[in-house]
Amino acid sequence: MFSEKQAKELNIIPDILFNAPLDKYKDTIDFKVIYNQNEVVNFGSKLNATQVLSEPEIQIKVNDHQQPHSLFKAGHYFTVVMIDPDAPSRRHPTHRSYLHYIQTNMPLNEKEGYASSKEGTYIAKYATPSPPKDSGPHRYVFVLYEHSNKLSYSKSWLSTDKEGRQNFNLELWAKEHNLNEPIALTCFEHEYEPMKAQ
């Protein structure tokens, strides 16, 4: 889970988010993206093709959910979006951003203050990162939103085909779905790898 400083160091702010007051929530939310059951995405993570082949697990823990002043209460929901702002390359991001994954309506457990991708609804099925040859490292960014009511949506990407996933505008999509500011994000880098001979 990134601080605002880390998000700015990787130019996530302002490349895909104009503003993200992440530090406001850093003591409240624990947001983890986990590949292959034990590989947690952290600041500076560089993952290979094998590591990111399959959909990760999303884990969210609210540390003060039972306190009267808590911003996040039982009955609230979370939505996570994964995008690549460097499509087809960071130098020439003419397809910014490429949509890889959206899961919504992950409910906050009342007793444990916990939510995960084991519950919820797909808006966009996971599309495995596959950056083009000679395009350099790509940033794969996971952005977390919270909402008090179930998210309603009319468009989905349940096929992993590229059609409709390019030039995805995260902030516009969030605004259209009445989502407030993002509460957490994390990111890894990955670049093209030649296929290994069998």
Side-chain angles (χ1 to χ4, degrees), residues 1-2 7 10-22 25 29 31-35 41 52-60 71-72 75-90 92-109 115-132 135 138-188 190:
M1 182 167 149
F2 280 25
L10 282 179
N11 291 320
I12 295 168
I13 302 172
D15 282 355
I16 64 169
L17 295 168
F18 178 72
N19 185 36
L22 305 174
Y25 303 104
I29 288 282
F31 172 48
K32 291 181 180 178
V33 175
I34 305 170
Y35 279 94
V41 173
V52 301
L53 182 63
S54 300
E55 178 186 324
E57 181 181 351
I58 308 299
Q59 294 183 359
I60 304 152
L71 297 171
F72 313 115
H76 286 203
Y77 300 88
F78 296 94
T79 292
V80 64
V81 181
M82 174 189 176
I83 56 175
D84 170 10
D86 303 323
S89 71
R90 195 178 302 192
H92 301 290
T94 54
H95 294 156
R96 176 176 292 169
S97 290
Y98 188 90
L99 173 63
H100 280 271
Y101 167 71
I102 303 176
Q103 190 161 4
T104 191
N105 296 331
M106 294 179 280
L108 178 61
N109 179 283
S116 85
S117 54
K118 293 180 179 179
E119 297 184 71
T121 304
Y122 288 107
I123 296 179
K125 287 275 194 177
Y126 182 74
T128 300
S130 55
S135 64
H138 287 231
R139 296 163 294 172
Y140 293 89
V141 184
F142 294 83
V143 183
L144 183 68
Y145 296 91
E146 179 269 349
H147 38 105
S148 57
N149 297 304
K150 275 195 169 184
L151 189 99
S152 297
Y153 57 94
S154 58
K155 183 175 182 179
S156 59
W157 297 264
L158 299 182
S159 166
T160 56
D161 292 344
K162 289 185 177 181
E163 185 175 351
R165 288 180 179 249
Q166 296 177 344
N167 299 110
F168 178 80
N169 186 319
L170 176 62
E171 291 204 314
L172 179 60
W173 183 87
K175 183 177 180 180
E176 289 174 345
H177 291 82
N178 299 311
L179 295 174
N180 295 321
E181 60 199 18
I183 60 172
L185 65 83
T186 191
C187 170
F188 67 87
H190 170 62

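We use all heavy atoms of the structure for the numbers below, so side chains are in, but hydrogens, waters and symmetry mates are not. Counting from 1, the numbers follow the sequence of the chain as shown.
- Among all heavy-atom pairs drawn from H147 and L179, the shortest one is CD2-CD2, 3.6 Å.
- Residues I123 and L158 approach most closely at O-CD2, 4.0 Å, considering heavy atoms.
- Applying the ring pair (Phe, Tyr, Trp, His ring centres under 6.0 Å) test to Y140 and every residue at least two apart in sequence or in another chain returns H100, F188.
- The structure places CD1 of I183 at 7.0 Å from OH of Y25, a figure rounded to the nearest 0.5 Å.
- Taking both residues in full, the closest heavy atoms of R139 and C187 are given as CB-SG, 3.8 Å, listed atom of the first, atom of the second, then distance.
- Side-chain contact between S154 and E176: absent, with no pair of heavy atoms (C-beta onward) separated by less than 4.5 Å.
- Ring planes of F142 and Y101: perpendicular class, angle over 60° (limits at 30 and 60°).
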Criterion side-chain contact (heavy atoms from CB on, under 4.5 Å) on V81 and W173, from CA distance to verdict:
CA-CA 10 Å; V81 181; W173 183 87; 4.0 Å; yes

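- Atom CD of Q103 is separated from atom CD of E55 by 6.0 Å, given to the nearest 0.5 angstrom.
- Here the OG-CG distance, from S148 to L108, works out to 12.0 Å after rounding to the nearest 0.5 Å.
- Closest approach of A174 and Y145 over heavy atoms only: CB-OH, 3.8 Å.
- Smallest separation of non-hydrogen atoms from P56 and S117: O-OG, 4.2 Å.
- For the pair V80/F31, a side-chain contact is recorded, criterion being any heavy-atom separation below 4.5 Å from C-beta on.
- Rounding to the nearest 0.5 angstrom, the gap separating the CD1 atom in I58 from the CZ atom in F78 is 12.5 Å.
- Rounded to the nearest 0.5 Å, atoms CG (L17) and CG (L22) are 8.0 Å apart.
- Looking only at distances, a side-chain donor or acceptor of W157 sits under 3.5 Å from a matching main-chain atom of G164.
- Residues H138 and D86 come closest through the heavy atom pair CE1-O, 2.9 Å.
- Annotation: ring pair (Phe, Tyr, Trp, His ring centres under 6.0 Å) contacts of Y77 (sequence neighbours excluded): none.
- At least one donor-acceptor pair closer than 3.5 Å links the side chain of N105 to the backbone N or O of L151.
- Distance check, rounded to the nearest 0.5 Å: OH of Y98 to CD1 of I83 gives 13.0 Å.
- Residues T79 and T104 bring a donor and an acceptor atom of their side chains to less than 3.5 Å of each other.
- When side chains are defined from C-beta on, Q59 counts as touching I34, because their heavy atoms get closer than 4.5 Å.
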